Amino acid sequence: MRPSVTEAVARLGTEGAFAVLARARALEATGRDVIHLEIGEPDFETPPHVAEAGIAAIRSGETHYCQTAGLPVLREAAAATLAASRGVPIDPGHVLVANGAKPFLFFTVLATCGPGDEVIYPDPGFPIYESAVRFAGATPVPLPLREDRGFSFDPLELESLLSERTRLVILNAPQNPTGGVIPSADLERAAAAIEQTPAWVLSDEVYSRITYDVEAPSIAPLPGMLERTILLDGFSKTFAMTGWRLGYAAVPAELVDPLTRLIVNSTSCVPPFVQLAGVAALEGPQEAVGEMVAEFRRRRDFLVPALNEVPGISCIEPGGAFYAFPNVSELPIDGDVLADRLLTEAGVALLPGSAFGIHAIDHLRLSYAASLETLEQAIGRIDSFVKAL
Ligand SMILES: Cc1ncc(COP(=O)(O)O)c(C=O)c1O
């Protein structure tokens with residue numbers, strides 16, 4: 001008899017960005033030149049004072065196991081940061097620390113949902129949401145994001161999807177993959193409707209500091225929400241710390257123990273020297289964040305108009321994150337084929353809308369975490385390819 005894997009693990013999805021990166025690398029290994037716009041990570045170094053804090057902590061011996069919920073000093077710094085930026089009181093005892101924001105997506109679903117429960121999540125959206133829901137045996141309920149609403153959802157549609165079976169509502173703004181934000185009025189409608197249900201809210205705000213002229217309000221301060229909201233933020237995007245694997249969340253009292261147990265069962269704790277770098281990031285100078293966002297804005301201001309110049313492509317201006325999400329429905333080939341051919345024929349790696357759900361298949365996601373020169377080159381290649389179709 002052959003050993004087998006579980007049905008649950010077979011239900012796990014994956015992240016298209018990593019799959020396309022692998023294909024792009026394979027092409028490069030054959031000598032092809034590929035422009036990388038597929039992966040969602042800042043192309044900046046971790047700010048030096050943050051890196052130095054991590055190195056100093058290693059030198060001083062902060063290299064052992066530590067508290068599963070997080071070092072008190074980081075939980076306090078994170079609570080203060082969330083309280084100040086979202087305008088809500090946050091008890092440091094309700095803040096947990098994990099290896100990135102990602103584990104909180106998975107663990108929140110595992111802690112709150114099972115078979116028969118429904119989870120509403122944005123579509124297009126970060127693919128790990130649906131993957132975690134399927135793994136838990138719960139029912140994924142995609143909430144379409146509407147291009148004509150700046151890729152926010154229609155509150156009426158959310159209201160129609162909510163029921164007593166809804167156990168969790170996942171919101172994300174600024175949003176991956178669209179760069180959209182959720183206007184206050186939509187959040188207020190959402191909060192009022194969610195309050196009538198037994199649903200938790202997972203508010204994924206990992207791009208909260210990366211916005212351009214618009215606000216990306218949080219649902220947490222709205223009436224009745226803090227008690228049911230997992231308010232999630234991280235270091236990967238804000239401080240260019242993707243490889244450090246550090247994230248944090250303020251969670252309702254009832255979830256502190258279940259989530260801490262999931263962490264102790266999986267990773268035990270985040271390395272203390274990583275957490276101390278996190279304290280330096282939150283409490284130290286913030287100029288590097290402002291400079292990074294200013295550079296992202298310059299790129300967005302080049303990329304979006306340039307995409308709109310390409311015949312058959314239209315792109316709305318993203319209010320946050322570092323993604324453009326152009327509509328390619330006017331072109332004679334679909335989004336999947338287009339993304340595939342742009343990689344193999346034009347040497348531009350990007351993602352099709354289908355990597356993010358079923359509701360935006362005629363879109364592409366371009367990460368503009370790449371230099372202006374790289375973006376100019378990419379636009380040149382996309383324009384020539386599209387004109388030759
Ligand atoms: C919306 C969203 N949430 C969470 C994450 C995970 O971030 P982290 O690196 O902190 O695990 C990402 C990363 O791409 C993301 O786009």
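Start at 1 and go down the list; that is how both ligands and their atoms are numbered. Small disclaimer: the values here were computed from a predicted structure and weren't measured.
- Not a single heavy atom of Thr242 sits less than 4.0 Å from an atom of ligand 1.
- The nearest pair of heavy atoms linking Val119 to Tyr121 is O-CD2, 3.6 Å.
- Here the heavy atom of the protein found nearest to atom 6 (C) of ligand 1 is Lys102 N, 4.0 Å.
- For Glu41, the closest heavy-atom approach to ligand 1 does not fall below 4.0 Å.
- Short contacts between ligand 1 and Tyr207, defined as distances under 4.0 Å to a heavy atom of the residue, involve ligand atoms 1 (C), 14 (O), 15 (C), 16 (O).
- With a 4.0 Å cut-off on non-hydrogen atoms, Ser236 touches ligand 1 through its side chain and not its backbone.
- Nearest to atom 12 (C) of ligand 1 among the protein's heavy atoms is Phe126 CZ, 3.5 Å.
- Atoms of ligand 1 lying under 4.0 Å from any heavy atom of Asn172, numbered from 1 in the order shown and given with element: 1 (C).
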Problem set entry | Check against side-chain contact (heavy atoms from CB on, under 4.5 Å), Ile361 and Asp334 | CA-CA 8 Å; Ile361 52 173; Asp334 72 29; over 6 Å; no

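- Of the residues Tyr323, Phe356, Phe325, the one that meets the ring pair (Phe, Tyr, Trp, His ring centres under 6.0 Å) test with His363 is Phe325.
- Both Leu282 and Val274 are part of a single hydrophobic cluster, where members link through side-chain heavy atoms under 4.5 Å apart.
- Between Phe106 and the choices Phe126, Tyr129, Phe135, the ring pair (Phe, Tyr, Trp, His ring centres under 6.0 Å) rule is met once, by Phe135.
- The backbone N or O of Ala101 lies less than 3.5 Å from no partner atom in the side chain of Tyr248, so there is not a single donor-acceptor pair.
- For Arg209 and Asp233, the salt-bridge test fails: no basic side-chain N is under 4.0 Å from an acidic carboxylate O.
- Nearest non-hydrogen protein atom to atom 10 (O) of ligand 1 is Ala101 N, 2.8 Å.
- The closest approach between a heavy atom of Phe235 and any atom of ligand 1 is not below 4.0 Å.
- For atom 1 (C) of ligand 1, the nearest protein heavy atom (residue, atom name, distance) is Asp204 OD2, 3.3 Å.
- Within the structure, ligand 1 has Lys237 among the residues with a heavy atom less than 4.0 angstrom away.
- For Ser60 (side chain) and Ala57 (main-chain N/O), a donor-acceptor pair under 3.5 Å exists by modelled atom type.
- Under a 4.0 Å criterion applied to the non-hydrogen atoms of Gly100, ligand 1 contributes the atoms 10 (O), 11 (O).
- Of all the atoms in ligand 1, the ones that sit under 4.0 Å from a non-hydrogen atom of Arg245 are 8 (P), 9 (O), 11 (O).
- Polar contact with ligand 1: absent for Tyr129 (N/O pair, distance under 3.5 Å).
- Going from atom CZ of Phe322 over to atom CZ of Arg299 covers 10.0 Å, rounded to the nearest 0.5 Å.
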